[in-house]
Amino acid sequence: LGPPAEASSEMKLELSPLVSEHPQQSFETYVKRIPELLAAAVETNWEKLEGAAAEHPLGSLVGKLELFWIHEPGDLPPKPAESAMGLVCFQFVQGHS
């Protein structure tokens, strides 16, 4: 026998766009699953998230709010709001300092 194999702490994940006519509903369903400690550290109110996304700092170009499910490679669950590993929101802002 050789030395024990080292356990890898690397986890591979994929992002898939949240595609829905009602992204707020998916967001709110997902937010209900977040542990309380994590929910206190992130924005969990859709209206506040949209409000912040609608702000246009002077002299900047602002893109739309984009949401992506976090899941294992090749395994986007059929109901991601109920079982995806995570949800991330991005917004492209250019020219703001």
Indicate the atoms forming the closest heavy-atom contact of V62 with A53, along with that distance. CG1-O, 4.1 Å
Are L65 and L18 co-members of a hydrophobic cluster defined by side-chain heavy atoms under 4.5 Å apart? yes
In Å, rounded to the nearest 0.5 Å, how long is the span from CG of L38 to CZ of R33? 11.5 Å
What closest approach, in Å, do L13 and M85 show between heavy atoms, and which atom pair accounts for it? CD2-SD, 3.7 Å
Considering all heavy atoms, the nearest A54-H56 contact: O-CD2, 2.7 Å
Test of understanding: clusters of I, L, V, M, F, W, Y form through side-chain heavy atoms closer than 4.5 Å, transitively. Do V42 and L15 belong to the same one? no
Would you say the side-chain atoms of E82 pair up with the backbone N or O of T29, donor to acceptor, closer than 3.5 Å? no
Return yes if some donor-acceptor pair links the side-chain N/O of Q91 with the main-chain N/O of G63 below 3.5 Å, else return no. yes
Give me the atom names and distance for the closest heavy-atom approach of H71 to S16. NE2-OG, 2.6 Å
Before giving the answer on side-chain contact (heavy atoms from CB on, under 4.5 Å), spell out for L87 and W69 the whole-Å C-alpha distance, their side-chain angles and the decisive distance to 0.1 Å. CA-CA 5 Å; L87 179 65; W69 296 114; 3.6 Å; yes
Between L76 and V19, is there shared hydrophobic-cluster membership here, with clusters defined by ILVMFWY side-chain heavy atoms closer than 4.5 Å? no
Would you give the length of the straight line joining atom CD of E14 to atom CD1 of I70, rounded to the nearest 0.5 angstrom? 12.0 Å
Closest approach of A81 to S26 (non-hydrogen atoms, all atoms of both residues): CB-O, 3.5 Å
Check step by step if side-chain contact (heavy atoms from CB on, under 4.5 Å) holds for Y30 and L67. CA-CA 12 Å; Y30 174 76; L67 293 94; over 6 Å; no
Please determine whether side-chain contact (heavy atoms from CB on, under 4.5 Å) holds for the pair E47 and Q24, giving the CA-CA distance in whole Å, both sets of side-chain angles, and the decisive distance to 0.1 Å. CA-CA 9 Å; E47 285 77 21; Q24 179 178 356; 3.2 Å; yes
